[in-house]
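Values in this document were obtained by computation on a predicted structure and should not be read as measured data. Read the numbers this way: they start at 1 and go in the same order the structure lists the ligands and their atoms.
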Amino acid sequence: MLLTNARIATMSEPAGYGLIDNGAIVTRGDRIVWVGARSDLPAEHAGEEVSDLGGRLVTPALIDCHTHLVFGGNRAGEFEQRLEGVSYEQIARSGGGIVSTVRATRDATPEALLQSALTRVDAMIAEGVSTIEVKSGYGLDRESELKMLRVARQIADVRPVTVRTTYLGAHAVPPEFSGDADGYIDQVCIPTLHAAHAEGLVDAVDGFCEGIAFDTGQMARVFDAARALGLPVKLHAEQLSNIGGTQLAARYGALSADHVEYANAADADAMGQAGSVAVLLPGAFYTLHETQMPPVAAFRAAGVPMAIATDCNPGSSPLASPLLALNMACTLFRLTPAEALAGLTRNAARALGLTDQGRIAPDMRADLAVWDVTEPAELAYRIGFNPLHSRIFGGTL
Ligand code: DI6
Ligand code: FE
């Protein structure tokens with residue numbers, strides 16, 4: 001396939017959009033084989049079937065590198081409580097929060113979990129998403145965690161999307177282990193990781209390192225187990241306070257540290273040296289009325305790549321719109337529109353350890369989004385407006 005008459009944001013440079021005007025892209029099978037100015041198209045590709053994009057903008061398809069989009073129930077009631085001044089932490093400590101979604105998820109059939117997840121997946125695909133990371137972490141017992149991961153993997157059987165699954169057994173302490181986080185880690189979380197890995201259900205391992213969840217010592221045990229299985233790690237770190245999660249993640253060479261509002265310059269340096277991505281989640285910041293900004297200037301100074309994701313979940317970020325996340329990253333966190341778009345393409349791929357996605361370049365997967373705009377900044381600047389014209393997934397329109 002030969003795509004012509006395109007304005008291409010290749011996202012393949014270390015900064016900026018890598019724009020090509022009057023561009024063309026040649027795909028073969030599920031790969032990109034050539035990209036450049038139409039006038040430079042090698043003669044060998046001139047005979048391909050042409051699709052004229054009418055001057056539209058083409059970007060890499062979007063990658064949502066941090067979601068919890070498989071879950072049961074909903075938490076609209078907690079939204080109302082928070083509006084009356086009850087904090088996310090207070091709700092969690094009084095038996096609500098993550099644990100209330102755990103009850104609903106344990107009770108749900110796999111079929112019901114899949115159907116409700118697909119409503120969110122479809123919203124994301126409609127905004128040009130090609131790859132979605134999905135975490136477990138609302139089961140917190142062996143069978144329910146495995147159920148969540150199997151459902152997450154099933155999404156890719158019924159929709160044209162790539163799914164990466166992350167084991168988040170260390171998300172919260174379930175009620176049956178109340179007051180015994182260590183017992184939960186050793187008796188359930190780590191054995192279930194082994195079971196999920198044996199079933200081929202795990203691409204990466206994550207945890208929630210926070211006062212209301214697990215400390216760095218507990219997370220280190222989970223990370224040691226992941227390392228022994230050859231699995232990469234990532235961490236919810238420094239979301240509500242700074243307890244050293246980012247430094248821990250860096251010591252384990254984590255793919256990413258996520259949220260990181262309370263990270264500091266030393267944390268940014270450690271991440272820069274480890275090559276970890278900072279995954280910024282403006283939907284959670286917005287929903288929880290947070291005021292502590294992630295240290296964006298320190299990330300830039302330390303050369304830490306920044307990714308943007310929806311954190312789609314029923315509690316802290318009921319957001320299924322990557323385009324709104326793009327806008328929020330600029331408006332709330334002061335990223336440039338080019339940084340934000342890199343955050344949903346090139347750097348999101350890196351946060352998932354994917355080397356053949358997130359850029360428009362030869363040998364990359366042909367996952368592309370075609371937009372009814374001409375300026376890439378328009379994707380971030382509009383609110384509640386979806387200009388997707390078409391999406392190409394693995395070379396197929
Ligand atoms: N931090 C988050 O923002 C999500 N998980 C986490 O560790 C929230 C999950 C939830 O509230 O259900
Ligand atoms: Fe999260």
Side-chain angles (χ1 to χ4, degrees), residues 64-79 81-82 86-106 116-117 120 132-140 144 148 152 164-174 181 189 204-215 218-219 222 233-241 243 245-246 249 254-263 277-290 292 294 307-320 325 328 348 351-352:
D64 195 342
C65 70
H66 180 142
T67 87
H68 310 245
L69 62 71
V70 172
F71 58 82
N74 80 79
R75 309 233 294 273
E78 291 179 13
F79 175 65
Q81 276 182 284
R82 282 200 309 276
V86 189
S87 77
Y88 182 75
E89 275 185 88
Q90 284 166 329
I91 291 170
R93 289 191 192 280
S94 59
I98 293 172
V99 164
S100 80
T101 298
V102 169
R103 283 190 290 271
T105 304
R106 286 178 176 178
S116 85
R120 298 178 275 279
I132 304 175
E133 184 255 20
V134 182
K135 301 177 195 293
S136 70
Y138 292 124
L140 309 187
S144 307
M148 283 189 75
R164 302 292 285 179
T165 48
T166 299
Y167 177 68
L168 179 59
H171 194 197
V173 180
C189 181
V205 175
D206 194 352
F208 187 20
C209 192
E210 190 61 61
I212 52 172
F214 300 97
D215 64 27
Q218 289 154 351
M219 280 318 310
V222 177
V233 301
K234 40 181 57 237
L235 193 63
H236 288 69
E238 270 68 91
Q239 178 183 6
L240 308 169
S241 61
I243 63 164
T246 311
L255 288 172
S256 66
D258 302 38
H259 289 285
V260 291
E261 278 91 338
Y262 285 82
V277 175
V279 178
L280 307 184
L281 304 167
F285 178 91
Y286 168 86
T287 301
L288 300 183
H289 302 249
E290 278 284 344
Q292 175 79 26
I308 307 297
T310 62
D311 195 16
C312 181
N313 75 65
S316 67
S317 188
L319 172 65
M328 287 176 166
L352 296 178

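Between the side chains of H236 and H171, no donor-acceptor pair of N or O atoms lies under 3.5 Å.
Across all their heavy atoms, A249 and A257 have their closest contact at CB-CB, 4.5 Å. The minimum heavy-atom distance between C189 and V222, with the atom names listed, is SG-CG2, 4.1 Å.
The aromatic rings of Y138 and F71 sit perpendicular to each other, their planes meeting at more than 60°, with 30° as the lower class boundary.
Taking CG of L235 as the reference point, atom CG of D206 lies at 6.5 Å (rounded to 0.5 Å).
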Could you check ligand 1 for N or O atoms lying under 3.5 Å from protein N or O atoms and list the pairs with distances?
| residue | atom | partner | partner atom | Å |
| --- | --- | --- | --- | --- |
| ligand 1 | 1 (N) | Q239 | OE1 | 3.0 |
| ligand 1 | 3 (O) | Q239 | NE2 | 3.2 |
| ligand 1 | 3 (O) | H259 | NE2 | 3.3 |
| ligand 1 | 3 (O) | D311 | OD2 | 3.1 |
| ligand 1 | 3 (O) | S316 | OG | 2.6 |
| ligand 1 | 5 (N) | H171 | NE2 | 2.8 |
| ligand 1 | 7 (O) | H171 | NE2 | 3.3 |
| ligand 1 | 11 (O) | R75 | NH2 | 2.8 |
| ligand 1 | 11 (O) | Y88 | OH | 2.5 |
| ligand 1 | 12 (O) | R75 | NH1 | 2.9 |
| ligand 1 | 12 (O) | R75 | NH2 | 3.3 |
| ligand 1 | 12 (O) | Y138 | OH | 2.6 |

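Residues satisfying the salt bridge (Lys or Arg N to Asp or Glu O under 4.0 Å) test with D311, not counting sequence neighbours, are none. In this view, K234 satisfies the salt bridge (Lys or Arg N to Asp or Glu O under 4.0 Å) rule with no residue, not counting sequence neighbours.
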Let me see the working for V260 and L280 under side chain to side chain contact (heavy atoms under 4.5 Å, CB included), right down to the final yes or no.
CA-CA 7 Å; V260 291; L280 307 184; 3.9 Å; yes
Kindly indicate, with the supporting measurements, whether the criterion side chain to side chain contact (heavy atoms under 4.5 Å, CB included) is fulfilled by R82 and T287.
CA-CA 9 Å; R82 282 200 309 276; T287 301; 3.4 Å; yes
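Of all protein atoms, those of element N, O or S that lie under 2.8 Å from the Fe ion (ligand 2) number 4.
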